[in-house]
Amino acid sequence: MGIRWENGRFLPSGAPVLDQKLVDDVVGILTFSQHKGISDAYMKGLGHFLNSIQKPELFTDVLRDMYDALEALAKIICHNDRDLSANREEFISGLKLADSYKRMLKEYIKYASDFARHAGPAGKQKPLPVRREVEGFIYVSDRIFHPIDS
C-alpha cells in the first residue's frame, strides 16, 4: 500500500509497483510518433510532479499537463482538432468503458479543467490542489491512456 510508520505517524512511502506501471507502461505505449503530443505533455507532467516536492506551486502545472495529454488523446480518438471540452462527450462515448467509469471520467475532466483551465475569482489566485489529489489524478491518467494500446 505504500505506507510506513515513522515517529508515531503513518506516512506515504510511495508504491513502487504502481510507479513502475505508471511510468513504464504508459511511456512505452506513448513512444510511437503518432502519440508525440500525448507523450510530450504526459512526460512534462511527470517532470513537474517530481519537482513539486520542492515546489508545490507546480501542482497546477501537473494537472494542466495531464489535461493536455488527455486532450491530445481525445483529438486522436475523435479524429479532429477540437479542445477537450468540445470533444468530451464524443471522446468518452468512443472509449469502451462502463457507464460508471464514464461518469468518473467526466468528473476527472471537469476537475482538471477547473484547476488548469479556468481562472480563479476576479483578482484572486486559485488555491493549489493538494499533492495526494494530484498524484491520484496522474494514476487515473495512466489508466485512461491504456485504450491507446488496445
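- With sequence neighbours excluded, the residues that form a salt bridge (charged side-chain N to carboxylate O under 4.0 Å, His left out) with E89 are K106.
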Taking distance alone, no hydrogens or angles, what donor-acceptor pairs closer than 3.5 Å link side-chain atoms of residues 52-61 to residues at least two apart or in another chain?
unit_1: S52; atom_1: OG; unit_2: F49; atom_2: O; d: 2.5
unit_1: S52; atom_1: OG; unit_2: R131; atom_2: NH1; d: 2.9
unit_1: D61; atom_1: OD1; unit_2: R64; atom_2: NH1; d: 2.6

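- Cluster membership for Y108 and I76, using ILVMFWY side-chain heavy atoms within less than 4.5 angstrom, is shared.
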(message) Working note: R88 + D83, criterion side-chain contact (heavy atoms from CB on, under 4.5 Å); need CA distance, chi angles, decisive distance, verdict.
(response) CA-CA 8 Å; R88 186 181 79 169; D83 67 20; over 6 Å; no

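- Here the closest heavy-atom approach between residue L63 and residue P129 is recorded as CD1-CG, 3.7 Å.
- Taking 4.0 Å as the cut-off between side-chain N and carboxylate O, R103 and D99 do not count as a salt-bridged pair.
- For the atom pair CD of E71 and CG of D81, the computed distance is 8.5 Å after rounding to the nearest 0.5 Å.
- With rounding to the nearest 0.5 angstrom, the CG atom of D114 is 9.0 Å from the CD atom of E107.
- Within 6.0 Å of NZ on K44 lie no more than 12 heavy atoms contributed by other residues, nucleotides or ligands.
- Residues S85 and Y67 share a closest heavy-atom pair of N-OH, 3.9 Å.
- When every heavy atom of L95 is checked against every heavy atom of K102, the shortest pair comes out as O-CE, 3.7 Å.
- Atom CD1 of I109 and atom CE of M104 lie 10.5 Å apart (nearest 0.5 Å).
- Considering only heavy atoms from C-beta on, L46 comes within 4.5 Å of M66 through its side chain.
- What you find for G37 and A72 is that their closest heavy atoms are C-CB, 3.9 Å.
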(request) I would like to know whether E133 and F137 meet side-chain contact (heavy atoms from CB on, under 4.5 Å); could you show each step before the answer? (result) CA-CA 6 Å; E133 290 178 7; F137 194 83; over 6 Å; no

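- Note that CD1 of I92 and CD1 of I77 are 10.5 Å apart. Values are rounded to the nearest 0.5 Å.
- Of all the heavy atoms in G45 and V62, the pair that sits closest is O-CG2, 3.7 Å.
- The line from NZ of K75 to CG of L84 is 9.5 Å long, rounded to the nearest 0.5 Å.
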